[in-house]
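Bear in mind the structure is a predicted one, so any value in this text is a computation, not a measurement. Only this structure's heavy atoms are used, side chains among them; waters, hydrogens and symmetry mates stay out.
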Amino acid sequence: MFTVLDVSRWQGRIDWDTVKASGRVHGVMLRALGSRSGTPYIDPMFETNYSACIRLGIPVGVYYYSCAVTAPQRDAELALLHDALRGKRLQLPAAIDVEDARLRALTPDALSALVAGAARQLEHWGLYAMVYTYTHFADTALHMDTLAPFDLWLADYRGKRPARRHGMWQYTSRGRVPGISGPVDLSRTEKDYPALLHRAGARPYHPIKERSSP
């Protein structure tokens with residue numbers, strides 16, 4: 001069983017040397033993009049956190065917070081992610097964070113089709129695509145059969161592993177890790193993602209010059 005931490009600007013400055021020395025974390029999902037009133041922006045701590053994790057040999061993946069309810073909005077998020085990941089090497093998945101209340105403006109079928117298009121674009125870039133959401137959102141706002149081809153990162157804090165098939169389970173938002181002040185999200189997975197990506201031929205991410213639409 002592997003423990004995966006996820007962080008964003010809201011954790012402030014992190015003492016990554018202490019995180020590494022604690023031995024409690026086997027990988028980190030870094031927020032690459034946040035959203036301000038529906039407009040995506042690169043998380044201001046992304047580069048700092050990425051560089052520290054790479055220096056210390058902590059496996060890294062990314063997630064981006066999606067508010068897209070149209071194809072052009074989805075493509076704008078992907079374009080910014082495309083730039084944020086230039087030259088990066090990921091040992092964990094790249095996840096689309098699907099939980100914002102604004103997404104409920106779409107039907108489950110329409111939203112799931114939009115998210116699946118984004119995930120296919122991530123795969124087109126050579127990344128390991130994953131969808132992040134929480135159980136109630138999956139049950140009420142998504143058509144999960146449409147997203148079945150992609151790995152699922154599922155948040156559920158009720159203390160029991162979810163029955164829904166998933167690759168990674170975010171089991172708490174109140175975790176504690178030395179080197180980080182305040183509570184953090186922690187996930188568990190039985191998948192050795194670094195080994196999976198290595199066998200798949202993981203390489204530095206060099207975005208293609210032309211972005212094809214999902």
Side-chain angles (χ1 to χ4, degrees), residues 1-8 24-35 59-69 74 77-78 81 90-125 127-177 183-197 199-200 214:
M1 185 70 71
F2 302 95
T3 298
V4 177
L5 165 71
D6 62 271
V7 298
S8 70
R24 295 186 54 192
V25 172
H26 303 103
V28 180
M29 295 292 284
L30 302 176
R31 189 177 74 162
L33 303 185
S35 177
V60 171
V62 300
Y63 70 97
Y64 75 94
Y65 192 86
S66 179
C67 293
V69 294
R74 174 197 61 194
E77 291 176 346
L78 288 169
L81 181 69
L90 303 183
Q91 300 83 32
L92 298 179
I96 307 157
D97 185 336
V98 185
E99 60 174 308
D100 193 271
R102 285 167 285 200
L103 301 178
R104 291 183 179 273
L106 298 179
T107 66
D109 282 344
L111 177 56
S112 298
L114 201 67
V115 173
R120 286 193 295 271
Q121 183 65 77
L122 297 181
E123 290 186 339
H124 180 66
W125 291 343
L127 302 175
Y128 186 109
M130 172 178 270
V131 176
Y132 169 91
T133 193
Y134 59 93
T135 294
H136 184 66
F137 202 94
D139 291 342
T140 60
L142 290 168
H143 187 251
M144 296 306 292
D145 286 348
T146 301
L147 300 174
F150 311 106
D151 210 343
L152 179 63
W153 179 14
L154 191 62
D156 192 312
Y157 305 154
R158 294 176 291 183
K160 183 178 180 181
R161 192 173 194 92
R164 185 185 297 279
R165 191 174 129 194
H166 58 276
M168 198 151 64
W169 169 34
Q170 188 184 84
Y171 66 93
T172 185
S173 61
R174 298 176 179 270
R176 293 285 179 172
V177 173
V184 293
D185 298 337
L186 293 175
S187 300
R188 292 176 179 146
T189 180
E190 295 179 354
K191 292 187 177 182
D192 186 345
Y193 284 109
L196 286 174
L197 271 66
R199 287 198 296 270

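- Between Q170 and V4 the shortest side-chain heavy-atom distance does not fall below 4.5 Å.
- Residues T146 and V115 have side chains not in contact (no heavy-atom distance under 4.5 Å, counting atoms from C-beta outward).
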As a quick check of understanding, evaluate salt bridge (Lys or Arg N to Asp or Glu O under 4.0 Å) for R31 and D97, giving each step before the final call. CA-CA 9 Å; R31 189 177 74 162; D97 185 336; over 6 Å; no
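- Separation of atoms OG (S112) and CZ (F150) is listed at 11.0 Å; rounding is to 0.5 Å.
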Check the pair V131 / W153 against side chain to side chain contact (heavy atoms under 4.5 Å, CB included), numbers first and verdict last. CA-CA 6 Å; V131 176; W153 179 14; over 6 Å; no
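- Here the closest heavy-atom approach between residue R74 and residue A68 is recorded as N-CB, 3.4 Å.
- Distance check, rounded to the nearest 0.5 Å: OG1 of T107 to CG of L142 gives 10.5 Å.
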Report the C-alpha distance between Y65 and D100 in whole Å, list the side-chain angles of each, state the deciding distance to 0.1 Å, and finish with yes or no for side chain to side chain donor-acceptor pair (under 3.5 Å). CA-CA 8 Å; Y65 192 86; D100 193 271; 2.8 Å; yes
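- For the pair H166 (side chain) and R164 (backbone), a donor-acceptor distance under 3.5 Å is present.
- T133 and E99 share no side-chain donor-acceptor pair at under 3.5 Å.
- Closest heavy-atom contact between V62 and A32: CB-CB, 4.3 Å.
- Here Y171 contributes atom OH and S187 contributes atom OG; the two are 8.0 Å apart, rounded to the nearest 0.5 Å.
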Determine, step by step, whether W125 and L78 satisfy the side chain to side chain contact (heavy atoms under 4.5 Å, CB included) criterion, reporting the C-alpha distance in whole Å, the side-chain angles of both residues, the deciding distance to 0.1 Å, and the verdict. CA-CA 11 Å; W125 291 343; L78 288 169; 4.1 Å; yes
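- Ion pair R161/D156 not flagged as a salt bridge, since none of the NZ, NE, NH1 or NH2 atoms sits closer than 4.0 Å to an Asp/Glu carboxylate oxygen.
- In this structure, CG on D151 lies 14.5 Å from OH on Y132, to the nearest 0.5 angstrom.
- Annotation: side chain of L81 is not in contact with side chain of Y63 (no heavy-atom distance under 4.5 Å).
- For the pair L122/I96, a side-chain contact is recorded, criterion being any heavy-atom separation below 4.5 Å from C-beta on.
- One finds the CH2 atom of W169 at 5.5 Å from the CZ atom of R188 (value rounded to the nearest 0.5 Å).
- Scanning all heavy atoms of the two residues, the minimum distance from L154 to P162 falls at CD2-CB, 3.6 Å.
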Side chain to side chain contact (heavy atoms under 4.5 Å, CB included) assessment of V28 paired with D6: CA-CA 5 Å; V28 180; D6 62 271; over 6 Å; no
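- Distance check, rounded to the nearest 0.5 Å: CZ of R158 to OG1 of T172 gives 14.0 Å.
- Although no hydrogens or angles enter the test, the distance criterion places a donor-acceptor pair under 3.5 Å between the side chain of Q91 and the main chain of V60.
- In this structure, T189 contributes its side chain and G167 its backbone to a donor-acceptor pair below 3.5 Å.
- Under the 4.5 Å side-chain criterion, counting only non-hydrogen atoms from C-beta, L196 is in contact with K191.
- Taking all atoms of both residues into account, the shortest heavy-atom contact from C67 to L103 is C-CD2, 3.6 Å.
- Of all heavy-atom pairs between D185 and L5, the closest is O-CD1, 3.6 Å.
- For Y193 and Y128, the distance between ring centers is under 6.0 angstrom.
- With contacts defined as side-chain heavy-atom distances shorter than 4.5 Å, the pair R174/V184 does not qualify.
- Residues P59 and L92 come closest through the heavy atom pair O-CD1, 3.7 Å.
- Counting only distance, with no hydrogens or angles, the side chain of H26 and the backbone of F2 share no donor-acceptor pair below 3.5 Å.
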